[in-house]
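Scroll down for the structure; my scribbles are underneath it.
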Amino acid sequence: MKDIVVALVGNPNVGKSALLNAISGAEVKVGNWPGVTVEKLEATFIYKNYKIHFVDLPGVYSLRNQTAEEKVTIDFLLKEKPDIILNVVDSTNLKRNLYLTVQLLELELPMVIALNIWDEAVEKGIVVDYEKMSKLLCVPVIPTSAKDKTGLNELLDKLIDVYENKKFVQCEHFETQIEEYLKKVINLVSEYQPILLDLFPKRYLAVSLLEGTLNEPITSSLEEKLKQIREEIKSLYKKDIKTVIVEERYGVVLSIYHQTVKKQREDVVDSSITLDKIFLHKYLGIPIFLLLVWIVFEITFKISSPYVEWLDKVLGVVSSWTLSLLDMANTPDMLKSFVAEGVLGGVGFVLVFVPVLFTLYIMIAILEGSGYISRAAFLMDRFFSSVGLSGKSFIPLLLGFGCNVPAVYATKTIENEREKILTTLMIPFMSCGARLTVFAFFVSVFFTSNKGLVIFSLYLIGIGVAVLVAVLLNKFYFKTKSQFFIMELPPYRLPTFKYVINTAWVRVKAFIVEAGTFIFAMSVLVWFLTNIPYGAKKDETILANVSKKVAVIFQPLGFGTWEATASLFSGFVAKEVVLSTMGNIYVGEKIQEEKKETSFTEGIKEIATGFIDANINLVKNFVSIFGFVKKEEEEFDKSLADAIRSAFNPASAYSFLVFLLLYTPCLATVFAIKQELNSYKWMFLSIAINFTAAWIVSFIVYNVVKDFL
Amino acid sequence: MKSLRDLKPGKKGKVAYITGCEDIKQKLYDLGIIPGETVEVLQDAPFGGPIKIKVHDYCLALRKKEASCIMVEEER
Ligand SMILES: Nc1nc2c(ncn2[C@@H]2O[C@H](COP(=O)(O)OP(=O)(O)O)[C@@H](O)[C@H]2O)c(=O)[nH]1
Ligand SMILES: [Mg+2]
């Protein structure tokens, strides 16, 4: 069996990923390109005794080596040298797509062109003479549709054919004069710095040297000669060299375009333009957007919650089985607790995110695949440009109010690296649902007369601090002077079911594997901290001892007790466990439902009925999105309320809440940041920024508030 | 001659040259906004947000600031 490496290259939104999904289906794996936040898709597919390894490169408009996407692409093509470039182009938008094709030809690698979205071209009456195009470009051209799955076998056959006959024919399609100059440059290189000829393909080398964009040191004597040639060209064409090259490329593109593309109907009404009249409407656009975003938010959290509850139930049953088994084997208590709370608890922490992430990824795939996400950026740009962000940050930030973890993963839709980092760092300040349960409890104890106002003030503090952090980072870390915003508004397309489900599943799988192991390991560690020495009193565990030492730093904030400190520690695992830890520490008894013995058949029954319930609840929640079903008020433990009342005063309670709002995000969020930004550096910085911000703001708040409350 | 920024939605213009914005000139070129090409302003966003233009066979969004760098000959 022979191995073939095929790199998919093309503009954004031309169906590279869809094509990969259509060809290899569930084999697709998702990861990250090293050192950048760009997503990497890969798939290995066996076809006719060949093992074809596809790599989906990020979408680019040119090979200019400026954006992160361009760097990844050009680096991969020059250094890894795939066996074949599969250039995916949008048949309905050939002028711009072929511009990249012409640049790819300069790399002198075997290439095949997929004229994708062929179905739509046919529908719009665009006729492309692809055989002639193939002759003009000196590269095989195959029409394909990732939607209808046409042309896929022809494409695979052609890839194998090109691989076996490894021939590359360079078309010299620039003006003769320019071609002469390119030859001259190559001669100069072999005279002054011949090593470059081993490092780069000839034509690419010649063009980039002329443009002065080569990413490699050049000897001064060569640079001297190049300068002369540039001057010559400038005086001959009355334009600078970069413009000349761009125009040459477009010249080639337009000549090929006019020879091969016929539009049967000029007057086709473009449905995308009509749809934009509604979605980008000056006054209706934003309300429609907010409505859609609200639906996305509700679906992400409400649709998944019955399954989260069900998973919880399954874990409960499994843990009771395990405990019975361990009982039978006369296992010591400590091991039992370790298995039930440490190990199974850890598995639970990972699993509860699966339903919510799966729904989120489905929503994202629909928003991205349909082309609407760019419209969102267009509409919200005005509001975000002042903090150095673009409109694409809106959806992730909003999701943060539900849960920070999916919010961080939602930053996948932001291409710009700086904007993505900033948004990700702002998300932990968005007060999530888990924090709200703690707020609600404290507020019902201390601020009964203006509950709503206090909670609202916390949300506002979070948003304010997030904006401040973004502004400061922009000014002092990124030192951004001016940013630009030029974005394609791709045509609206109906994403296929398979594309949506596959994309979502592939991403969830990556979460389970990567974040899963990390979160699991950490929760096992936490079990040790809170339970060792085993059987010790609650104020003698490792956690309690550490908390006693650390508590002093919270003295100026009004809550420098070891109990409060230990609760905050546990909030690092997940914010919702703060309350149960407090119950544990302040009241003594664990607030916990009684563990009942479950027999095997009972357990199975419980799991099954639970699943049916989950589906019923799904429907109920779906209905409640549109506001028909009322939620019951949550009830709080009375003894804990009394304990809290004597341990805090209103000022220190408020300060504690502010701290809880702003400090280190929970474990799962922390890991999500690492995975999404592909960097430990930003993960640690995020922890540090949050902790510092929390301390400072709580300090200020406590000192201002303590005289009033 | 006026800048693309001053073109009303629904109007077309032929790109004459790009001025200022040296850092984005290349980007505009790569996207097909080159001298001689026709661009059409389709829509603008509320509150002085970006504008939507059509060039070749596709649509682009850019901020007013970038649009003011693109000088066009208005078509009637
Ligand atoms: N009609 C049609 N739509 C397609 C085709 N290929 C992809 N799409 C859709 O185009 C959108 C963008 O595709 P995607 O694979 O994300 O593009 P990428 O950015 O190049 O990876 C998705 O909604 C796809 O379902 C095709 O051949 N025909
Ligand atoms: Mg893609």
Less than 4.5 Å to any heavy atom of chain A: does that hold for the side chain of B:Ile53, its backbone, both, or neither? neither

For each of B:Tyr29, B:Tyr58, B:Phe47, tally heavy-atom pairs with chain A at distances under 4.5 Å, and name the one with the top tally. B:Tyr58

Go through B:Ile51, B:Leu42, B:Leu28, B:Val55 and name the one with the most non-hydrogen pairs under 4.5 angstrom from chain A. B:Ile51

Rounded to the nearest 0.5 Å, what's the gap from CG on A:Asp381 to NZ on B:Lys64? Could you check? 11.0 Å

dist A:Ile486:CD1 -> B:Ile33:CD1 (nearest 0.5 Å) comes out at 7.0 Å

Counting heavy-atom pairs under 4.5 angstrom with chain B, the leader among A:Glu247, A:Lys277, A:Gln103 is A:Lys277

Considering all heavy atoms of both residues, which atom of A:Ser385 and which atom of B:Arg63 are nearest to each other, and what is their separation? CB-NH2, 3.5 Å

Grab the two heavy atoms, one from B:Asp30 and one from A:Arg96, that are nearest each other, plus how far apart they are. O-CG, 4.4 Å

Report the distance from atom NZ of A:Lys242 to atom CD of B:Gln26, rounding to the nearest 0.5 Å. 5.0 Å

Heavy-atom pairs under 4.5 Å with chain B, option from A:Glu488, A:Arg382, A:Lys95 with the top count: A:Arg382

Can you measure from CD (B:Gln43) to CG (A:Leu489) and round to the nearest 0.5 angstrom? 9.0 Å

Work out which heavy atom in B:Glu66 is nearest to a heavy atom in A:Phe485; give both atom names and the distance. OE1-O, 3.0 Å

Quick one, A:Val246 with B:Ile34, criterion side-chain contact (heavy atoms from CB on, under 4.5 Å). Give me CA distance, side-chain angles, the key distance, then yes/no. CA-CA 9 Å; A:Val246 170; B:Ile34 47 172; 3.9 Å; yes

Is it the backbone or the side chain of B:Lys52 that comes under 4.5 Å from a heavy atom of chain A, or both, or neither? both

All heavy atoms of B:Asp57 vs all of A:Thr92, minimum pair found to be CB-O, 4.0 Å

Let me know if A:Phe378 has heavy atoms under 4.5 Å from chain B in its side chain, its backbone, both or neither. both

For residues B:Lys27 and A:Phe484, report the shortest heavy-atom separation together with the two atoms involved. CD-CE1, 3.9 Å

Below 4.5 Å from any heavy atom of chain B, which atoms of A:Tyr283 appear? Answer side chain, backbone, both or neither. neither

With a sphere of 6.0 Å drawn around OH of A:Tyr130, does it hold more than 12 non-hydrogen atoms of other residues, nucleotides or ligands? no

Contacting region of A:Asp90 [heavy-atom separation from chain B under 4.5 Å]: neither

Segment of B:Leu31 engaging chain A (4.5 angstrom heavy-atom cut-off): both

Just wondering, more than 12 heavy atoms not from A:Leu494 lying within 6.0 Å of its CG? no

Spacing of CD1 belonging to A:Ile273 relative to CD belonging to B:Glu40, to within rounding of 0.5 Å: 7.0 Å

With a 4.5 angstrom heavy-atom cut-off, which part of A:Leu100 approaches chain B: side chain, backbone, both or neither? neither

